[in-house]
Amino acid sequence: MSIIGITGGIGSGKSYVCKLLEKQGIKVYDCDAAAKRLMAQDVELQQKLSVIVGDNIYYNGKLQKSVLAQFLLQSDENKLAVDDIVHPAVARDFLASGCSWLESAILFDSGFNYRLPFDYFVAVTAPVELRISRIMHRDSISREQAMAWIDRQMPQEEVSQLCNFVINNDGHKDLNSQINQLIIQIKNI
């Protein structure tokens with residue numbers, strides 16, 4: 001069974017593409033959801049995060065997302081330190097899930113592409129202005145905050161070059177036909 005990583009920058013619409021894949025019967029492991037679940041439930045992971053971020057990362061046993069976000073945006077070193085705690089747990093969880101498709105926004109940025117034996121990579125791309133609009137609407141944040149998140153990630157042009165397949169989610173090109181073509185290509189390789 002092949003392991004396929006789906007990636008794309010924040011606001012590219014990769015989660016929507018994954019929902020369309022699931023409508024085709026392909027279960028996609030959501031790394032973000034898994035990381036949140038593990039950060040909420042895995043006591044060892046919580047202890048490790050508290051050491052590097054501070055005890056205020058959890059309040060009454062609940063993850064304080066704003067504290068984590070502030071820590072992540074302070075430096076690349078902080079981001080890598082959190083990744084080095086969370087990503088091994090996510091990789092183990094994926095392998096136990098029975099899924100072969102995995103969605104991760106920071107697949108290459110974080111080096112997660114080296115944590116599992118991937119066979120193929122798929123990039124979901126969208127124009128930057130559309131991504132900004134999606135992020136602002138989804139998260140109720142300012143344009144500057146949306147740009148800060150985009151700027152923290154690898155440029156989508158670089159991501160696309162590292163991938164075997166690219167899905168263009170610009171709001172004009174038909175996603176279902178692109179997904180059907182992707183599935184056919186992967187099955188025929």
Side-chain angles (χ1 to χ4, degrees), residues 1-39 41-42 44-45 72 76 79-128 130-131 134-135 149-189:
M1 182 178 282
S2 297
I3 296 180
I4 300 139
I6 301 174
T7 191
I10 186 170
S12 66
K14 72 195 154 308
S15 296
Y16 181 70
V17 167
C18 290
K19 285 178 184 168
L20 294 176
L21 281 164
E22 290 188 356
K23 285 183 180 179
Q24 300 238 5
I26 296 171
K27 186 176 178 198
V28 181
Y29 180 91
D30 181 339
C31 281
D32 287 344
K36 288 173 187 170
R37 176 177 45 80
L38 292 167
M39 285 190 283
Q41 297 174 355
D42 187 316
E44 182 182 343
L45 192 142
L72 290 171
D76 289 337
K79 185 176 169 235
L80 289 173
V82 170
D83 288 351
D84 285 341
I85 292 170
V86 176
H87 290 182
V90 171
R92 285 189 302 274
D93 193 62
F94 169 77
L95 291 172
S97 74
C99 294
S100 60
W101 293 65
L102 174 146
E103 172 193 357
S104 172
I106 55 172
L107 190 64
F108 298 112
D109 312 52
S110 65
F112 197 82
N113 56 308
Y114 297 113
R115 294 194 187 272
L116 294 165
F118 288 98
D119 296 291
Y120 306 108
F121 298 106
V122 179
V124 178
T125 64
V128 173
L130 181 56
R131 292 172 61 199
R134 288 172 177 165
I135 299 164
W149 281 109
I150 289 173
D151 289 344
R152 296 303 265 170
Q153 296 179 341
M154 183 183 291
Q156 70 180 354
E157 296 77 20
E158 288 179 37
V159 171
S160 295
Q161 291 175 353
L162 295 170
C163 289
N164 308 92
F165 307 97
V166 177
I167 293 177
N168 184 336
N169 188 14
D170 64 3
H172 302 293
K173 293 185 178 67
D174 183 54
L175 285 177
N176 285 314
S177 65
Q178 292 181 73
I179 289 168
N180 289 336
Q181 187 63 35
L182 169 67
I183 293 168
I184 290 167
Q185 288 178 318
I186 288 176
K187 284 181 180 177
N188 290 330
I189 294 177

Would you say the side chain of [Y] lies within less than 4.5 Å of the side chain of [X], judging by non-hydrogen atoms?
X	Y	answer
Ile167	Val122	yes
Leu72	Arg152	no
Val28	Ile4	no
Asp83	Phe112	no
Val166	Thr125	yes

Nearest non-hydrogen partners of Met39 and Leu45, listed with the distance: CG-CD2, 3.4 Å

Can you name the nearest heavy-atom pair linking Asn168 to Gln178, along with the distance? N-OE1, 2.7 Å

Taking side chain to side chain contact (heavy atoms under 4.5 Å, CB included) as the definition, give me every residue that meets it alongside [X], ordered by chain and number, with sequence neighbours left out.
X	value
Gln185	Phe165, Gln181
Glu44	Asp42, Lys48
Cys99	Lys27, Tyr29, Phe94, Ser97
Gln161	none

Any salt bridge (Lys or Arg N to Asp or Glu O under 4.0 Å) involving [range]? Give me the pairs, sequence neighbours left out, ordered by first then second residue.
range	result
residues 171-189	Asp170-Lys173
residues 103-121	Asp84-Arg115
residues 153-167	none

Report the residues that fulfil salt bridge (Lys or Arg N to Asp or Glu O under 4.0 Å) with Asp93, sequence neighbours left out, ordered by chain and then residue number. Arg37

With sequence neighbours left out, what residues match Arg92 under salt bridge (Lys or Arg N to Asp or Glu O under 4.0 Å)? none

Checking side chain to side chain contact (heavy atoms under 4.5 Å, CB included) between Tyr120 and each of Asn164, Ile3, Ile6, which is the one that passes? Asn164

Hey, which of Ile106, Leu116, Leu80, Val82 is the one that makes side chain to side chain contact (heavy atoms under 4.5 Å, CB included) with His87? Ile106

What distance do [X] atom [atom1] and [Y] atom [atom2] have between them, rounded to the nearest 0.5 Å?
X	Y	atom1	atom2	answer
Trp101	Asp30	CH2	CG	15.0 Å
Ser104	Lys14	OG	NZ	8.0 Å
Ile183	Asn188	CD1	CG	12.0 Å
Leu102	Cys31	CG	SG	3.5 Å
Asp32	Lys36	CG	NZ	5.5 Å
Ile179	Leu20	CD1	CG	4.0 Å

Which pairs, with at least one residue in residues 16-26 and sequence neighbours excluded, count as a side-chain hydrogen bond (donor to acceptor under 3.5 Å, both in side chains)? Gln24-Asn180

Between the main-chain N or O of [Y] and the side-chain N or O of [X], is there a donor-acceptor pair closer than 3.5 Å?
X	Y	answer
Gln156	Ala126	yes
Thr7	Ala123	no
Gln153	Ile10	yes

By ring pair (Phe, Tyr, Trp, His ring centres under 6.0 Å) - contacts of Phe108 (at least two apart): Phe121

